[in-house]
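Only one structure is covered here, and it is reproduced in the block below.
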Amino acid sequence: MKYQILFTPFKVGQVTIKNRFCMAPMGNSIGFGAKGEFSQNGVDYYVERAKGGVGLIFTGALITDMQVDPFSPVEGLSPLYSPMNFRRTAIALNERVHSYGTKIFPQITMGLGRNYPGLYAPSELPVFFDPNQKSPALTKDEIKKKIDAMVQAAALMKASDFDGVEVHAMHWGYLLDQFALAITNHRTDEYGGSLENRLRAAKEIVEGIKQVCGSSFPVTMRLGLKSYIKGLFHASLTGEDEAGRTLEEGVEICKLLESYGYDALNVDAGMYDSFYYAAPPMYQPKGFTLELAKAAKKAVHIPILAGGSRIDDPDMCAKAIEEGKADAIVIGRALLADSQLPKKIESGQIEDIRPCIGCNACMNRAFTTGDALCAVNPTVLREGVYGLNKTVESKKIVVVGGGLAGMEAARVAKMRGHDISLYEKSDKLGGNLVPGAKHSFKADMQRLIEWYQHELKKLQVPVHLNTGLDADAIKKMNPDVVFLAVGSTPVMLGFKGNDDPRVISCIDALLGKKKVGQRVVIVGGGQVGCEMAYEYAKEGKTVTLVEALDAVLSTGPAVPIMNKMMLNDLLDFHKVKVYTGYTLSSVDKNGVVIKSTKDTPESIEIAADSVIISVGFKPVPTMAKDLYGSGFEVYEMGDGSKVGNVMSAVGDAYEIARSV
Ligand SMILES: Cc1cc2nc3c(=O)[nH]c(=O)nc-3n(C[C@H](O)[C@H](O)[C@H](O)COP(=O)(O)O)c2cc1C
Ligand code: SF4
């Protein structure tokens with residue numbers, strides 16, 4: 001087998017893990033019931049990944065503290081709130097997970113600290129999500145209470161048949177990280193000052209757990225090996241001028257944690273303040289944490305479990321193990337996108353793996369609604385209730401449009417046993433994903449298109465390319481159901497000079513239909529415009545970005561904070577000139593004239609070889625009204641119904657096709 005090394009066992013303490021794949025902790029709130037127990041959704045979520053072949057599951061963080069700051073903005077109540085309820089559901093979860101030979105460690109947290117308002121921190125600190133607020137400093141007595149809660153929770157975990165426990169977390173700037181980092185720990189007692197003092201809470205936690213649960217009960221630590229910050233609230237794009245944890249200090253911490261009794265380290269990087277290192281978007285290179293892990297691996301004897309950088313490539317995983325960079329690979333979002341990833345690698349079905357596209361919509365959901373849904377996999381955290389059933393009555397379904405929504409609807413309906421034909425007026429499948437995938441950093445978007453092509457082929461869905469359908473043609477086919485997934489087109493602006501040959505739409509520019517010159521003005525600072533600005537500036541072009549609103553990335557579907565932070569820093573780094581509060585006035589032989597949106601009549605002239613219009617998309621005119629009353633069901637979906645994003649297109653299509 002090509003990836004044999006990934007399917008060899010290893011040990012965490014005395015516990016044997018069957019292969020080298022760990023599921024990263026990914027917290028949510030719908031995985032819990034009203035008393036802090038696992039909900040059926042929570043159980044199904046983990047069982048599905050055990051079934052998918054992962055060797056070790058880390059659950060999302062469970063809060064422990066019931067006294068000092070029991071409030072958690074994301075997860076449910078502490079398991080200690082109703083231990084019997086928790087234990088009952090945990091045992092049921094563990095029995096099912098263990099049936100697949102998978103081990104499971106719950107992740108227990110000491111707290112989230114200054115990342116959120118209203119929570120305690122080691123010192124008084126500005127809150128990440130609301131810098132006007134300050135997190136109060138913990139007293140020594142409160143620290144002891146929090147450590148005690150961690151130990152009590154670990155004892156409950158052991159009594160609930162978990163295989164070990166993970167301590168959350170000296171990473172992402174959470175409470176234990178705030179203790180460990182000099183920049184956030186200004187204490188003068190034994191919990192502040194020297195590195196050993198700053199790690200004292202982590203030491204007391206593992207010692208307490210080992211005392212109560214026995215030395216053979218494995219304890220791991222989630223640890224960020226490097227912070228990537230220039231200061232609080234300021235990420236360091238290049239990793240230089242580190243104001244948080246340097247890799248050297250990260251390695252020192254590994255050695256100390258090993259000496260305290262931790263059995264393995266689950267390593268990654270970044271803080272909320274450098275969020276694009278913590279939850280890397282598609283602009284980050286995959287696997288960048290493996291080099292950090294290598295340094296940790298050299299320094300300690302306990303296993304290093306490495307993740308946190310969108311690792312999903314089996315070659316990369318196998319190489320990391322072979323080269324001794326890590327003992328196991330910790331996979332997060334790629335296991336949301338495809339719960340069966342390890343099994344598919346094991347059976348050589350690499351093409352069947354649905355790729356994570358690094359959009360971070362899951363993180364956005366986790367922060368806003370707590371349900372961590374995935375843009376490309378609508379079943380996440382609803383595995384037991386939102387799957388597919390075979391239809392009792394096979395219907396003849398015509399799908400109009402081969403973009404994302406059309407492909408997903410065709411895939412789902414065909415899997416359910418319907419008779420599907422898909423019609424696409426262009427010569428390829430993918431719709432607006434095709435230009436969207438052109439950027440150098442959008443390889444996974446291209447993989448997603450290829451995955452759909454592969455799935456439709458496997459399912460033998462007849463795909464008719466270069467075939468536009470009008471209402472009459474559809475009526476002649478006499479279908480039972482029509483899915484209209486006709487997509488969207490770029491909005492073009494009316495302005496003086498809009499017929500100038502230098503003016504092009506973002507789609508034509510991305511598809512290379514017209515050459516983009518050296519001096520580029522991009523009108524529209526949404527995600528599409530910003531990504532183009534970054535790409536062209538990276539290529540060495542002189543790029544100006546013009547946005548009518550007061551900030552870029554402030555319109556259209558919400559751009560997750562990590563992606564937004566990184567794009568802004570990339571635009572800055574690559575010296576893109578950004579004008580906010582300006583609109584395009586005219587294009588003439590001298591270049592582009594932009595006008596302030598404020599009351600002042602100020603206008604600026606910018607020399608340009610190309611002017612790219614990227615001010616949004618509008619639905620392609622629908623033919624739904626021409627089809628109503630024809631005796632068949634008509635559903636509109638995707639951008640053709642309402643311009644959205646990958647999550648809304650796939651979500652709409654899945655919802656409709658699973659129930660028709
Ligand atoms: C929805 C979501 C929830 C997360 N919750 C946790 C958590 O509870 N504890 C934790 O240590 N990391 C958490 N993470 C971070 C992941 O464990 C992982 O480090 C991150 O997704 C980057 O790894 P990846 O690139 O493989 O996805 C979460 C990530 C996501 C996407
Ligand atoms: S929502 Fe986006 S980033 Fe998150 S798992 Fe799904 S595809 Fe990946």
Side-chain angles (χ1 to χ4, degrees), residues 21-32 45 54 57-63 72-76 105-110 112 115 166-174 176-177 220-224 266-272 275-282 284-290 305-313 316-317 329-339 341 353-381 404 444-445 447-448 451 559-560 562-563 645-648 650-651:
F21 291 104
C22 307
M23 175 181 174
M26 285 180 286
N28 55 79
S29 55
I30 61 167
F32 302 100
Y45 167 65
V54 74
I57 291 174
F58 291 107
T59 72
L62 305 168
I63 65 165
S72 160
V74 181
E75 296 80 14
F105 289 17
Q107 192 188 51
I108 52 173
T109 182
M110 184 176 172
L112 312 182
N115 283 355
E166 168 149 296
V167 173
H168 177 272
M170 217 175 272
H171 91 152
W172 285 34
Y174 288 122
L176 269 176
D177 213 16
T220 66
M221 169 67 87
R222 193 95 209 258
L223 170 67
N266 174 1
V267 300
D268 68 345
M271 298 171 63
Y272 275 34
F275 234 141
Y276 52 81
Y277 281 95
M282 65 281 258
Q284 282 284 22
K286 280 185 187 175
F288 74 88
T289 51
L290 291 173
L305 321 176
S309 52
R310 302 193 52 230
I311 306 171
D312 64 349
D313 173 357
M316 183 184 277
C317 297
I329 306 297
V330 182
I331 299 185
R333 291 163 292 172
L335 275 170
L336 296 184
D338 195 330
S339 60
L341 183 134
I353 298 171
R354 177 168 37 197
C356 159
I357 56 173
C359 64
N360 274 328
C362 50
M363 289 295 298
N364 219 33
R365 288 289 291 226
F367 283 133
T368 51
T369 54
D371 56 6
L373 300 188
C374 169
V376 300
N377 178 7
T379 63
V380 170
L381 279 160
L404 194 50
D444 286 319
M445 205 71 115
R447 275 178 67 206
L448 185 63
W451 179 80
V559 181
M562 318 71 198
N563 304 35
N645 54 18
V646 172
M647 185 175 251
S648 57
V650 173

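Remember, it's 1-based here, ligands and their atoms both numbered in the order they're listed. The first residue of the sequence shown is numbered 1, and numbering continues consecutively from there.
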Review point. With Leu404, which of Val650, Val376, Asn645 fulfils side-chain contact (heavy atoms from CB on, under 4.5 Å)?
Key: Val650
Review point. Which residue from Arg222, His168, Met26 reaches closest to atom 12 (N) of ligand 1 through any of its heavy atoms?
Key: Arg222
Check your understanding: Under a heavy-atom criterion of less than 4.0 Å, does Ala278 contact ligand 1?
Key -> yes
Exercise for review: Determine, for Arg447 against Asp312, whether the closest basic-nitrogen to carboxylate-oxygen distance falls under 4.0 angstrom.
Suggested key: yes
Check your understanding: With respect to atom 23 (O) of ligand 1, which of Gly287, Gly332, Gly308 exhibits the smallest heavy-atom separation?
Key -> Gly308
Practice item. Using a strict 4.0 Å cut-off to heavy atoms of Ala372, name the atoms of ligand 1 that fall inside it. Key: 1 (C)
Check your understanding: Which residue holds the protein heavy atom closest to atom 7 (S) of ligand 2, what is that atom called, and what is the gap in Å?
Key -> Ile357 N, 3.4 Å
Review point. Between His168 and His171, what is the ring plane arrangement, given parallel below 30°, perpendicular above 60°, and tilted in between?
Key: perpendicular
**Study point:** Contact check: Cys359 to atom 2 (Fe) of ligand 2, N/O/S below 2.8 Å
**Key:** yes
Exercise for review: Starting from atom 6 (Fe) of ligand 2, locate the nearest protein heavy atom and write down its residue, its atom name and how far away it is, to 0.1 Å.
Suggested key: Cys374 SG, 2.4 Å
Review point. Does Tyr174 have a heavy atom less than 4.0 Å from any atom of ligand 1?
Key: no
Practice item. Please check if the side chain of Gln284 supplies one atom and the backbone of Ser309 the other of a donor-acceptor pair under 3.5 Å. Key: no
Practice item. Please confirm whether Trp172 comes within less than 3.5 Å of ligand 1 when only nitrogen or oxygen atoms on both sides are compared. Key: no
Point to revise | Protein residue, atom and distance nearest to atom 8 (Fe) of ligand 2, heavy-atom basis | key: Cys356 SG, 2.4 Å
Review point. With only distance considered, is Pro25 within less than 3.5 Å of ligand 1 through an N or O on each side?
Key: yes
Practice item. Please confirm if an N, O or S atom belonging to Cys362, backbone or side chain, lies less than 2.8 Å from atom 4 (Fe) of ligand 2. Key: yes
Point to revise | Arg365 touching ligand 1 at heavy-atom level, < 4.0 angstrom | key: no
Check your understanding: Do you see a donor-acceptor pair shorter than 3.5 Å between the side chains of Asn360 and Arg333?
Key -> yes
Check your understanding: Under 3.5 Å, side chain of Asn377 to main-chain N/O of Leu336, donor-acceptor pair present?
Key -> yes
Revision key, fill the gap. Note: ligand 2 atoms sitting under 4.0 Å from heavy atoms of Asn360 are 2 (Fe), 3 (S)
**Study point:** Sidechain-backbone polar pair: Thr109 side chain, Ile63 backbone, donor-acceptor under 3.5 Å
**Key:** no
Point to revise | Min heavy-atom dist Ser309 to ligand 1 below 4.0 Å | key: yes
